[in-house]
Structures are given as C-alpha cells and as structure tokens.
Amino acid sequence: MQSRLNTPQHVIIVTHTLFYGASEALCDYLIFQKIQSLIYIGHPLLAENSTYTQRVYRKGSNVHTKSVKRMSAGSVTAFFRDALVTIIACAKLPKASYLYIGVNPLNACVGVLLRVFGIVDRVIFYAIDFSPKRSSNALINYIYHSMECFAIRYSDTCWNVSPRIEEGRKKFLGLKTTRDKQIVVPIGVWEKDIVKKIKAKNEYRLIFVGHLLEKQGVQEVIRAIPAVLKKLPKVSFTIIGGGEYEQPLRELVSSLSLEKYVQFMGWQSDQAVIRNEIIKSDIALATYMPSGRDTTNFSYYADPTKIKTYLSCGVPVLMTDVSYNAKSLMKSGVAVVVPYNHQDIARAIVTILSDTNALLRAKKAAREQARTFTWQKIFEKTFIRTIRSIY
C-alpha cells in the first residue's frame, strides 16, 4: 500500500456519472488507501442513469450512503441544481482540511466557491474531456468554456486525461498556465481486472462497448460485415451500449439483412458481464469518425476508456487515427489503425482474423500493454506530483 504521506487524508470527489469511469476508479483507489475521510458525490449525467448518489467512507469503510432519483438529469437547469446540492452537502461535512476533486468544469467551479467559503482547502479540476465546440448553442458553449477557464485559473491544479487537452485550451481558448499547473492523468485499468489467461481459439467475434452515437463509427463496422462474411462466414458482431444512435444502427442492420450476425445487448450495468463479453471476442472496435477532429470531436482530446478496457481483456483493437495514442498503440502491436471507411475496415478485419498466430501474439501484447497503465500506478504517481506542487 502507498504511504499515507503521499495521499491526502480528507478528500471530496464530485462528478457526473453514467458508467464506471475515472471518477469511480479514483474513489476505489482512495478507499483502498483507507484515508481518514472520503466523500463521493455522483450526479446523474443523462436520463439513462438518473440516480444521485452520496457515499461517505471513514478509513476505507462505508459509513453512509444516500441515493435519490433526479428528474431532468443532464439538462441545463439540472446542472445548476447539482451545483447547489453539492454546496449544501459539503457545507454539512465535519470541519477538516479537504482536498476537493471536481470532475468537469461545473463541479470544479463549485469547488473553488467552497474554498472561498472556507469549506475545502485545495481544489483539483479533473478534466475527462475537452471540445472547443461543446454545444451547437453559442451561448451554452460560451458559458461552458467560461466556467472551464475559471476552473483552470482558480483551481490549485488540473488533471487532464490526455496531453491534447492542454494543447486545445491554448489553441482555442488562449489559455496558458504555469509549469505543472496541468498534469496528464491517463485512463487506467485495475491490475486485478487484467486477464490472466489469453483466449487462444479464434471465434471470429467482433465487439464494441460504449455510448451509441454517430461519432463512434459503429455504422461503418456494420457496413463492413457483408464483405467480411464473404471471406469469413463465421464472423459475428456484438454491440454493448445504448444511446440516441441505436435505432439508426438497428435499421442499418435490418436493411443489410444482418440480424443473424449482429447482436445488440443494450446497456449493461454489471462490469463483469461486459468484461466477459470482451474476453470472448477477438477484435474490439474503436472506429471513431475523424470529422471535426480538433474542433468538435471529443475523442480527439480524450483517452477513451473502452480502449484500455479492451486491452486489459487481452483483445487487440481495430481503430481509426483519432485518439492521441493511436499510433503508439499500433507500434506496440496491440492495435491496427485504419482509415474511416467500411472497405478498409472490412479488409483489416479479414486480415486480422485470418492469421491465427498473429492474432494470438496481438492478444498477448494487449495484456502486457495493459500492465503499464494500472490505476494503482497512475494515481500513486499523480498524487505524489500533485501534493508536491500544491501543498
């Protein structure tokens, strides 16, 4: 276990949640560290998960849990309600020298206000994503980025999941910071979740996990399936997740008469179920649309969680050159990077699945790559660097 000298002893995490991600991993890490007090406040991000959660831990033990259904989750008015709920909840906490970690600009701005009120001692802005054009509504976009600039200027430090976030802020927001004000904290996986045994048998199984939006590019994979079937008639494609683009994808599957080969599993709350489905697969998909790139494409600035999860399950990734680490993953032999079109995607799938020995080597390499970015290593290094710079 990491030394307590390198871990703050009173922490508040405030985030908006949809599924298990960096915020929840950070919470689990601090629970394992058995710090003096940990308060986790999770606001619902979308209507798909409309539950507000507050949990309190003392030396690693859960001493209080509160769950409440929230109406209009994800709306503009809901975000302001969430801010007020956070302020009230934190104001009721026992007096202590709290380190407040706000995930997204709104929650970070609330932390800055709480510091002014004397309720928290230090504030970290944890940035999971960035997009210059956050909304098509110019006013909302302006308000969002104004909060982001405020959060960066007045937080004690900022954690970014990728180096491109700081670059984007300089380019589009004209925001420059002092050295070490912005720290890269990549997405990780738990060491216990890294698969122990690699599935050697080729099942000709493709998988995608995530929010079903047009930008995810799942439609190009579906369009590739007919060409793949001509070479590999056993191929199948499993899709885990839901969202606004699910119906168009189902209609595309129907129009191509692929119901026998494409399975929609919907949202799955049980991570064990998701991981089991990935482990059974041979290629995992991250074929993000390249359109928008550094202006509207969230994936361009992100460190996609799904890619790290895929690798931890021992499954190589077929991806487009959108996320910042695409080329490095390709060089490591755990990813194949293709242009965004169904013809090239189809050819890549056939090539990968046709060479069983090469596929097995890629699966083993994926597992080894996952061991380089465990949450334990990431948060340990991050807290050591953060505490040295802000305390």
Subject >> Whether Gln54 side chain and Ile39 backbone form a donor-acceptor pair below 3.5 Å >> reply: no
Return a table of donor-acceptor pairs under 3.5 angstrom between the side chains of residues 258-265 and protein atoms on other chains or two or more places apart.
| residue | atom | partner | partner atom | Å |
| --- | --- | --- | --- | --- |
| Glu259 | OE2 | Ser254 | OG | 3.4 |

Original post:
Any sub-3.5 Å donor-acceptor pair from Arg58's side-chain atoms to Val63's backbone N or O?
Top reply: no
Subject >> Minimal non-hydrogen separation, Ala22 against Tyr126, with atom names >> reply: CB-OH, 3.4 Å
**OP:** Taking only Lys NZ, Arg NE, NH1 and NH2, and the carboxylate oxygens of Asp or Glu, determine whether Lys170 and Glu167 approach each other closer than 4.0 Å.
**Re:** no
Subject >> Donor-acceptor contact present, side-chain Ser312 to main-chain Ala370, <3.5 Å >> reply: no
Original post:
Does Thr51 reach the main-chain N or O of Ser67 with its side chain, forming a donor-acceptor pair under 3.5 Å?
Top reply: no
**OP:** Would you mind telling me which of Thr15, Asp28, Asn107, Thr17 makes a side chain to side chain donor-acceptor pair (under 3.5 Å) with Ser23?
**Re:** Thr15
Original post:
To the nearest 0.5 Å, how far apart are NZ in Lys196 and CD1 in Ile279?
Top reply: 9.5 Å
Subject >> Nearest-0.5 Å distance that lies between atom CD1 in Ile13 and atom CZ in Arg55 >> reply: 9.0 Å
Original post:
Salt bridge check: are Lys280 and Glu277 linked by an N-O gap of less than 4.0 Å?
Top reply: yes
Subject >> Any side-chain donor near an acceptor of the partner, Tyr40 and Glu24, under 3.5 Å >> reply: yes
Subject >> Side chain proximity check, Tyr340 to Val322, heavy atoms < 4.5 angstrom >> reply: no
**OP:** Determine whether Tyr310 and Val334 make a side-chain contact, defined as any pair of heavy atoms from C-beta on separated by less than 4.5 Å.
**Re:** no
**OP:** Please report the shortest heavy-atom distance between Ile87 and Val110, naming the atom on each side.
**Re:** CG1-CG1, 3.8 Å
Subject >> N-O pairing of Arg223 and Glu220 below 4.0 Å >> reply: yes
Original post:
So, Ser323 versus Asn325: side-chain donor-acceptor pair below 3.5 Å or not?
Top reply: yes
**OP:** Look up atom CG in Leu329 and atom CD in Gln369, then write down how far apart they are to the nearest 0.5 Å.
**Re:** 6.0 Å
Subject >> Salt bridge Arg70-Asp82, side-chain N to carboxylate O under 4.0 Å >> reply: no
Original post:
Relative to the ring of Phe379, is the ring of Trp159 parallel (under 30°), tilted (30 to 60°) or perpendicular (over 60°)?
Top reply: tilted
Original post:
Does a sphere of radius 6.0 Å around NZ in Lys201 hold more than 12 heavy atoms from other residues, nucleotides or ligands, not counting ones at 6.0 Å or beyond?
Top reply: no
**OP:** Could you pull out the closest heavy-atom pair between Ile194 and Arg367, with the gap in Å?
**Re:** CG2-CG, 3.6 Å
Original post:
Can you tell me if NZ on Lys364 sees more than 12 non-hydrogen neighbours from other groups inside 6.0 Å?
Top reply: no
Original post:
Would you call Lys306 and Phe208 a side-chain contact if the rule is heavy atoms closer than 4.5 Å?
Top reply: yes
**OP:** Please state whether the rings of Tyr154 and Phe150 are parallel, tilted or perpendicular, taking 30° and 60° as the class boundaries.
**Re:** tilted
Original post:
Is the closest side-chain heavy-atom distance between Arg122 and Pro8 below 4.5 Å?
Top reply: no
**OP:** Could you check if a side-chain atom of Phe130 sits within less than 4.5 angstrom of a side-chain atom of Asn160, using non-hydrogen atoms only?
**Re:** no
Original post:
Can you tell if the side chain of Ser281 reaches within under 4.5 Å of the side chain of Leu206, non-hydrogen atoms only?
Top reply: no
**OP:** Establish, from distance only, whether the side-chain atoms of Tyr324 and Arg164 form a donor-acceptor pair under 3.5 Å.
**Re:** no
**OP:** Compare every heavy atom of Ile198 with every heavy atom of Leu360, then report the nearest pair and how far apart it is.
**Re:** CD1-CG2, 3.8 Å
Original post:
Taking atom CD1 of Ile35 and atom CD of Gln33, what is their separation to the nearest 0.5 Å?
Top reply: 8.5 Å
**OP:** Could you tell me the separation between the CG atom of Leu30 and the CD1 atom of Ile101, rounded to the nearest 0.5 Å?
**Re:** 6.5 Å
Original post:
Within a reach of under 6.0 Å around CD of Glu191, are more than 12 heavy atoms found that belong to other residues, nucleotides or ligands?
Top reply: no
Original post:
Do the side chains of Phe117 and Cys90 get nearer than 4.5 Å, heavy atoms only?
Top reply: no
Original post:
Is a side-chain donor-acceptor pair under 3.5 Å present for Ser354 with Lys231?
Top reply: no
Original post:
Is any side-chain heavy atom of Trp375 closer than 4.5 Å to a side-chain heavy atom of Ile187?
Top reply: yes
**OP:** Verify the neighbour count for atom CZ of Phe80: are there more than 12 heavy atoms of other residues, nucleotides or ligands below 6.0 Å?
**Re:** no
**OP:** Without swapping roles, check the side chain of Gln219 against the backbone of Glu214 for a donor-acceptor pair under 3.5 Å.
**Re:** yes
**OP:** Output, in order, the C-alpha distance, side-chain angles, deciding distance and verdict of side-chain contact (heavy atoms from CB on, under 4.5 Å) for Phe237 and Val253.
**Re:** CA-CA 11 Å; Phe237 183 25; Val253 168; over 6 Å; no
**OP:** Looking only at non-hydrogen atoms, find the nearest pair between Val123 and Val112 and report the distance.
**Re:** CG2-N, 4.0 Å
Subject >> Greater than 12 external heavy atoms within 6.0 Å of Tyr391's OH >> reply: yes
Original post:
Less than 4.0 Å between a side-chain N and a carboxylate O, is that true for Arg250 and Glu246?
Top reply: yes
**OP:** Run the salt-bridge test on Glu148 and Arg134 with the 4.0 Å N-O cut-off and return the result as yes or no.
**Re:** no
Original post:
What class does the angle between the rings of His16 and His43 fall in, given that below 30° is parallel, 30 to 60° is tilted and above 60° is perpendicular?
Top reply: tilted
Subject >> Expected output: side-chain Lys199 to main-chain Gly314 donor-acceptor under 3.5 Å >> reply: no
**OP:** State the CG-CD1 distance between Leu232 and Ile352, to the nearest 0.5 angstrom.
**Re:** 11.0 Å
**OP:** For residues Ile345 and Ala224, report the shortest heavy-atom separation together with the two atoms involved.
**Re:** CG2-CB, 4.0 Å
Subject >> Passing option when Thr86 is tested against Leu113, Leu106, Val14 for side chain to side chain contact (heavy atoms under 4.5 Å, CB included) >> reply: Val14
**OP:** List the steps and the verdict of side chain to side chain donor-acceptor pair (under 3.5 Å) for His10 and Ser97.
**Re:** CA-CA 6 Å; His10 303 279; Ser97 180; over 6 Å; no
